[in-house]
Every structure is written in C-alpha cells, then in structure tokens.
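Below, chains carry the letters A, B, ... as their sequence lines are ordered, and counting in each starts from 1.
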There are 2 protein chains.
Amino acid sequence: MSDNQSLEGLLQLVHGLKRNLHEQIEQLQLDIAPMHVRVLKIISRKPQCTAVDIAGYLNRDKAQVTRLLSTLITQNLIEKRANPQDKRSQYLQLTAAGQAIMDQVRGLDANIYRKMTQDISAKELQDFEQIAQKMNSNLSS
Amino acid sequence: MSDNQSLEGLLQLVHGLKRNLHEQIEQLQLDIAPMHVRVLKIISRKPQCTAVDIAGYLNRDKAQVTRLLSTLITQNLIEKRANPQDKRSQYLQLTAAGQAIMDQVRGLDANIYRKMTQDISAKELQDFEQIAQKMNSNLSS
DNA sequence: TCATTTGATTGACAATGTCAACTATATTCT
DNA sequence: AGAATATAGTTGACATTGTCAATCAAATGA
C-alpha cells in the first residue's frame with residue numbers, strides 16, 4: 001500500500017502541474033491548442049527537429065503530427081527547411097512569431113516552477129531531479 | 001536553464017511512466033480505454049464516490065464523466081447505489097467484474113513501480129515522495 | 001537492380017473533451 | 001413557507017485529438 005501511495009503522490013503532482021500549465025496557457029489567449037504549444041516547445045528545444053522526432057517524442061501517430069504542423073504553418077508560427085541529408089524530410093523551425101509565443105510560454109513555465117519549488121532547497125531539488133532521472137531510465141530499460 | 005531542465009526531467013519521467021502504464025494496460029486486452037481504467041481506479045479508492053468526485057479528480061467536464069460511467073455500467077463493471085443523503089446523486093461502486101479488472105491493473109502498477117524504483121533506496125523514495133507532495137501543495141495554493 | 005524501409009501526407013473514422021441547455025433535488029435567504 | 005440560487009446528473013451538438021490504412025517519394029541494403 002505504501003508503495004502504491006508513492007506512485008500516487010507522483011501522479012497527483014503531475015496532475016496538478018498539468019492543470020497549472022494548462023490554465024496559464026489559456027490565460028495567454030493565444031488561439032492555439034495545448035498540443036500545439038507542446039509541439040512548439042519541442043521544436044524550440046531541438047535543433048534540426050523533424051516530424052518524426054516530434055511523433056517519437058510525443059509518442060503519437062505521425063498523421064496527427066502532420067496535421068499539428070500544418071496548422072502551425074498556416075498560423076505562421078513555424079516553417080520548414082529542406083533537409084540536405086534527406087529529401088523526404090524537412091527541418092522545422094520557429095518563425096519570429098513562434099519564437100515570441102515561446103518566450104511567453106517559457107515565462108509562464110518559469111513562474112510555475114518558481115511557485116512549485118518555492119520552499120525547496122537546491123540540494124533537495126537536485127536529489128529529486130536525480131531520482132526522477134533514475135526512475136526514468138529504469139522504466140525505459 | 002537548469003531550472004527548466006528540472007521541470008523537464010519530471011515531465012519526461014511522467015511521460016515514460018504513462019507510456020508504460022498504457023502499454024501494460026493494452027496487454028491485458030481488456031476492451032476498455034485507459035480513461036475508463038482511471039475512473040475504475042478512482043472509484044475503487046474512494047468509498048462513496050460520486051460522479052462529481054470523478055469530474056473533480058480528473059478535472060474533466062461532467063458530461064464526459066456521465067458518458068464514461070454509462071459505458072462502464074453497460075459493461076457491468078460498476079453500479080450505482082442510491083445516496084440516502086441526496087436524491088440527486090448516486091454512489092458508485094465496482095461490481096465483481098470491475099473488481100477483478102482492478103486487481104489485474106493493480107498488479108501491473110505494482111510491477112511498473114518495482115521496475116521504476118528497483119535501485120532506489122527506501123529513504124530516497126521517501127524523500128522523493130515528500131518533495132512531490134510539497135510541490136503539489138505549493139501548486140495548489 | 002529490386003526489395004525493403006523510412007519520412008511525410010491524406011482520407012476516413014474513433015475516441016475524448018467541451019459547451020449549453022435542462023431536470024430534479026438541495027440549500028439559502030428572507 | 002416560498003422564492004431565488006446552487007448542485008448532481010443527463011443529453012445533444014459540436015470541437016479537438018488520436019488512430020488506421022493507403023499512398024508517394026526518397027533512402028537503404030542485399
């Protein structure tokens with residue numbers, strides 16, 4: 001039982017975290033769905049990001065990824081660049097508008113992070129992060 | 001940047017965790033969606049659970065909850081009991097079949113948890129859990 | 001070269017989530 | 001008590017998100 005509660009605590013944390021992120025993003029009044037924000041985030045973090053990368057990272061069907069990307073392109077938030085290594089694929093990158101949105105989103109993320117970790121010491125945070133990573137690699141092995 | 005990475009590590013962990021849970025549930029071959037499993041879990045944990053409780057816990061529209069519940073009822077996994085305190089609401093509880101499924105699911109959860117925490121000490125786990133709880137309460141305040 | 005794989009797109013559709021309106025009961029206020 | 005308001009749950013219409021299968025073009029490998 002105590003085992004199970006541990007998992008519970010973690011899941012609950014995440015639940016709250018997601019709710020916060022979601023609410024914050026809504027307040028920005030971007031007319032863009034949460035999923036699109038996630039895609040923008042991925043693109044902004046990974047240089048020379050392709051559609052497959054996104055599908056892999058989000059663990060989602062590539063059909064859906066294609067559609068997410070195409071609406072982002074329509075909204076002028078990202079653009080495609082030829083991939084010289086492979087004519088089938090294209091690198092994705094943020095436009096200035098996309099970058100502007102990401103800056104806002106990052107600000108929100110930072111706020112939430114500050115709030116979430118306000119009374120937690122650097123040492124504790126470090127340990128926490130380390131254990132999270134360990135768990136992660138345990139899972140994927 | 002290091003701030004952001006901390007949040008990243010956590011989100012990534014959760015991502016992997018969810019993927020694992022999802023895969024495992026699929027292997028059970030229950031013909032029941034992940035969302036339904038979540039609902040069953042909530043009902044099994046909270047005695048005298050009502051539809052509003054579920055909506056609140058999942059942070060979802062009550063219309064959707066009604067529909068989730070009605071398919072679970074059709075599948076004979078849960079049933080409604082009159083709430084003597086309030087004629088508008090009904091308590092939800094698992095049927096024997098629902099209970100059987102939950103037993104399987106719990107087994108899977110325990111497996112994943114064991115795998116995830118295999119090389120992590122009890123002390124570390126305890127700290128981890130404690131920090132997760134702290135973060136959670138920070139967020140919701 | 002020919003078969004197989006891989007990146008990406010499309011159509012059809014299924015699952016999930018949201019909004020607004022509505023019924024029936026509860027609660028609050030006076 | 002009676003009126004106004006709030007709450008639990010349901011339904012219909014609709015929007016968003018996710019999945020499957022087929023297809024095309026380019027890459028890879030025997």
Side-chain angles (χ1 to χ4, degrees), chain A residues 15 18-19 21-23 25-27 29-43 46 48-75 77-93, chain B residues 15 18-19 21-23 25-27 29-43 46 48-75 77-93:
Chain A
H15 193 256
K18 283 181 118 176
R19 175 152 49 198
L21 289 167
H22 196 277
E23 279 167 8
I25 285 175
E26 252 180 15
Q27 286 182 359
Q29 307 260 46
L30 321 167
D31 51 329
I32 167 179
M35 201 61 194
H36 289 120
V37 175
R38 294 182 70 187
V39 172
L40 289 180
K41 271 191 196 177
I42 295 171
I43 294 174
K46 158 142 194 168
Q48 305 196 327
C49 179
T50 69
V52 215
D53 292 330
I54 293 178
Y57 192 85
L58 293 179
N59 199 31
R60 296 236 144 56
D61 194 273
K62 51 193 182 150
Q64 197 197 343
V65 172
T66 295
R67 280 162 190 135
L68 287 167
L69 293 177
S70 77
T71 77
L72 286 173
I73 288 172
T74 305
Q75 294 174 307
L77 300 178
I78 64 173
E79 51 190 21
K80 290 180 176 173
R81 303 297 197 137
N83 173 352
Q85 314 300 312
D86 187 334
K87 288 183 190 166
R88 292 168 306 176
S89 89
Q90 294 139 307
Y91 294 143
L92 303 165
Q93 55 180 232
Chain B
H15 194 256
K18 283 182 119 176
R19 176 151 48 199
L21 289 166
H22 196 277
E23 279 166 8
I25 284 175
E26 252 179 14
Q27 286 181 359
Q29 306 260 49
L30 320 166
D31 51 327
I32 165 180
M35 202 60 194
H36 289 119
V37 176
R38 293 182 71 187
V39 173
L40 289 181
K41 271 190 196 179
I42 295 171
I43 294 175
K46 159 141 193 168
Q48 306 196 327
C49 181
T50 68
V52 211
D53 293 330
I54 295 178
Y57 192 85
L58 293 179
N59 200 31
R60 296 236 143 58
D61 194 274
K62 52 189 182 154
Q64 198 198 343
V65 171
T66 296
R67 279 162 191 136
L68 288 167
L69 293 177
S70 77
T71 77
L72 287 173
I73 287 172
T74 305
Q75 293 174 306
L77 300 178
I78 63 172
E79 50 189 21
K80 291 181 176 172
R81 303 296 196 138
N83 173 351
Q85 314 301 312
D86 188 334
K87 286 185 192 166
R88 292 168 306 177
S89 88
Q90 292 139 309
Y91 292 144
L92 302 166
Q93 55 181 229

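With respect to A/V39, the side-chain contact (heavy atoms from CB on, under 4.5 Å) criterion is satisfied by exactly one of A/L69, A/I32, A/L77, A/V65: A/L69.
Screening residues 58-69 of chain A for salt bridge (Lys or Arg N to Asp or Glu O under 4.0 Å), with sequence neighbours left out, gives no hits.
Of all nucleotides listed (C/dG11, C/dT18, C/dA8), C/dT18 comes nearest to the side chain of B/R67.
Taken residue by residue, residues 53-65 of chain A places heavy atoms nearer than 4.0 Å to DNA chain C at A/K62, A/A63. Proximity of residues 33-42 of chain A to DNA chain D (heavy atom under 4.0 angstrom from any strand atom) is restricted to A/A33, A/P34, A/M35.
Among residues two or more places apart in sequence or in another chain, the side-chain contact (heavy atoms from CB on, under 4.5 Å) test is passed with A/T71 by A/H36, A/Q75. Take A/Y91 and apply the ring-ring contact (aromatic ring centres under 6.0 Å, His included) test, not counting sequence neighbours, and it matches no residue. Residues passing the side chain to side chain donor-acceptor pair (under 3.5 Å) test with A/Q64, sequence neighbours excluded: none. For the salt bridge (charged side-chain N to carboxylate O under 4.0 Å, His left out) test, no residue two or more places apart in sequence or in another chain qualifies with A/K80. In terms of the side-chain contact (heavy atoms from CB on, under 4.5 Å) criterion, residue partners of B/I25 (sequence neighbours excluded) are, by chain and number, B/V37. For A/Q48, there are no side chain to side chain donor-acceptor pair (under 3.5 Å) partners, not counting sequence neighbours.
Contacts between chain A and DNA chain D, taken as any atom within less than 4.0 angstrom of a protein heavy atom, begin and end at D/dT17 to D/dA27.
Rounded to an integer number of Å, the gap from A/Q85 CD to C/dG7 C1' is 15 Å.
Side-chain nitrogen and oxygen atoms of A/T66 include at least one within less than 4.0 Å of the OP1 or OP2 phosphate oxygen of C/dT9.
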Distances under 3.5 Å between protein N/O atoms and the N/O atoms of nucleotides 4-6 of chain C, please, pair by pair.
residue, atom, partner, partner atom, Å
C/dT6, O2, A/R88, NH1, 2.0

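B/S70 comes within 4.0 angstrom of nothing in the nucleic acid, heavy atoms only.
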